[in-house]
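Take a look at the structure set out below.
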Amino acid sequence: MNVVQLQEELLDELAAVLGHDVGLDDELLVEGGLDSFGIMQMVTYLEERYSIRIPDENLATSSFTSARIISDWVLPLGRAQ
Amino acid sequence: MEVNPNNQQSVCISRLVEMSNQMVFLYQGVQGQLFLPPLDFIRLSGAASRNIAMFRDFSRSYFHGPIHPDWPDIDTTIANQRKILADCGRPMELFCVGTSSGAYCAMLFGHYLQADIVYAFGAQTVVEPKILNGTVIDMPPAHQDLALLLSDWNGRTRYKMYYSRDCEPDRVAAERIAHCPGVELIPLRGSNHNPFMEIDYAELLAGLFPAPSPVVVEETA
């Protein structure tokens with residue numbers, strides 16, 4: 001998994017969850033409409049797609065504020081696990 | 001559990017843990033929260049290390065109305081939840097958790113699903129058979145008044161009712177089902193509908209669920 005591929009896939013999945021396209025640095029929670037249910041969808045998507053287990057410290061709303069922020073912590077998890 | 005790709009239509013999302021024999025069903029209240037951001041609740045309560053299924057009710061009909069083509073009525077909603085448990089392929093301790101209107105749902109479904117423990121925070125115990133747009137929904141009397149439903153105990157479920165002791169509506173709602181078998185009232189300090197506002201909720205949530213029993217893996221010959 002490289003960062004470009006990860007970010008492209010993240011944007012695709014976020015578009016499916018939100019029902020609209022978002023950019024890499026777009027704010028997801030307020031402006032993007034990513035609610036708690038959507039965040040849970042992203043949690044399960046990330047774990048299944050990349051065969052990772054998201055640690056408790058990333059199970060927080062602040063970990064899902066933009067696609068870039070998500071990719072920043074998912075990428076090392078994917079490499080480590 | 002499949003998830004509709006359109007977030008606005010999703011009713012249930014589940015996160016399964018291979019080595020856990022405990023399942024937590026989470027029912028969001030009308031505000032779409034668990035009196036806390038759901039991820040905070042999940043992390044602080046230790047639900048993250050257990051199987052989780054989170055439910056939301058777009059119709060705000062307490063899951064009675066048609067909320068999705070696959071969730072057309074209350075009976076199907078109960079059956080779908082049973083299927084989630086069955087699909088785990090092994091016995092599960094089931095905990096149903098909800099806040100406010102979600103706490104009503106936790107008690108309602110906990111009763112039918114024979115949950116081990118229901119954790120209800122600031123629960124409604126009487127509901128109007130109307131959704132927010134005023135439409136009257138088909139809801140039997142025992143679903144309108146949980147005192148009727150829970151008087152006929154399912155023989156298994158314990159209901160832990162957490163509420164702020166100085167929040168009059170919540171205290172009354174809890175006390176009116178105090179006589180029902182399996183119900184335990186747990187008044188907390190404070191006066192807010194959200195009891196987490198005035199207590200150390202991290203400490204409360206950290207000890208919420210019982211420790212899991214070891215998962216027995218059956219060996220094949």
Side-chain angles (χ1 to χ4, degrees), chain A residues 8-23 26-74 76-78 80-81, chain B residues 1-20 24-60 67-68 71 84 87 97-100 102 202 205-206:
Chain A
E8 285 177 357
E9 291 179 358
L10 270 177
L11 293 178
D12 286 345
E13 183 64 16
L14 284 165
V17 168
L18 295 171
H20 60 81
D21 290 337
V22 291
D26 288 352
E27 199 282 328
L28 296 175
L29 303 177
V30 178
E31 295 168 16
L34 184 66
D35 62 11
S36 58
F37 213 81
I39 291 174
M40 276 301 290
Q41 284 182 255
M42 291 304 298
V43 166
T44 56
Y45 164 78
L46 292 168
E47 290 187 334
E48 290 171 10
R49 175 68 183 87
Y50 302 110
S51 301
I52 58 174
R53 184 72 183 168
I54 297 175
D56 279 4
E57 59 262 33
N58 291 117
L59 290 176
T61 307
S62 58
S63 296
F64 293 86
T65 53
S66 74
R68 189 186 300 277
I69 284 174
I70 298 172
S71 73
D72 283 349
W73 57 263
V74 168
L77 283 178
Q81 295 183 17
Chain B
M1 185 69 193
E2 70 280 4
V3 172
N4 189 305
N6 182 344
N7 187 46
Q8 295 306 308
Q9 297 298 317
S10 299
V11 176
C12 168
I13 187 160
S14 55
R15 181 181 191 242
L16 302 181
V17 178
E18 193 172 329
M19 293 303 287
S20 172
V24 183
F25 280 2
L26 298 161
Y27 303 89
Q28 294 187 343
V30 168
Q31 302 299 323
Q33 299 282 319
L34 290 164
F35 281 155
L36 295 172
L39 278 189
D40 290 350
F41 190 102
I42 288 167
R43 187 182 66 253
L44 293 171
S45 69
S49 61
R50 296 165 167 90
N51 300 291
I52 302 170
M54 192 159 79
F55 303 90
R56 72 172 164 188
D57 174 14
F58 275 114
S59 71
R60 298 183 173 181
I67 51 178
H68 185 276
W71 301 68
I84 293 169
D87 286 349
V97 181
T99 59
S100 195
L205 293 179

Open item on the list: I need the full list of salt bridge (Lys or Arg N to Asp or Glu O under 4.0 Å) pairs touching residues 35-53 of chain B, with sequence neighbours left out, sorted by first then second residue.
Closed with: B:Asp40-B:Arg43
TODO: Give, for atom CE of A:Met40 and atom CZ of B:Arg56, the distance between the pair rounded to the nearest 0.5 Å.
DONE: 11.5 Å
TODO: With a 4.5 Å heavy-atom cut-off (strictly below), which parts of residues 56-65 of chain A touch chain B? List them by number.
DONE: A:Asp56, A:Leu59, A:Ala60, A:Thr61, A:Phe64
TODO: Counting only heavy atoms closer than 4.5 Å, note whether A:Glu13 contacts chain B via side chain, backbone, both or neither.
DONE: neither
Open item on the list: Please report the interatomic distance CD1(A:Ile39) to CG(B:Leu39), rounded to the nearest 0.5 Å.
Closed with: 5.5 Å
Open item on the list: With rounding to the nearest 0.5 angstrom, report the CD to CE distance, A:Gln41 to B:Met54.
Closed with: 8.5 Å
- [ ] Locate the shortest heavy-atom distance separating A:Arg53 from B:Ala48; write the atom from each residue and the value.
- [x] NH2-O, 2.8 Å
Task: Contacting region of B:Phe55 [heavy-atom separation from chain A under 4.5 Å] - done: backbone
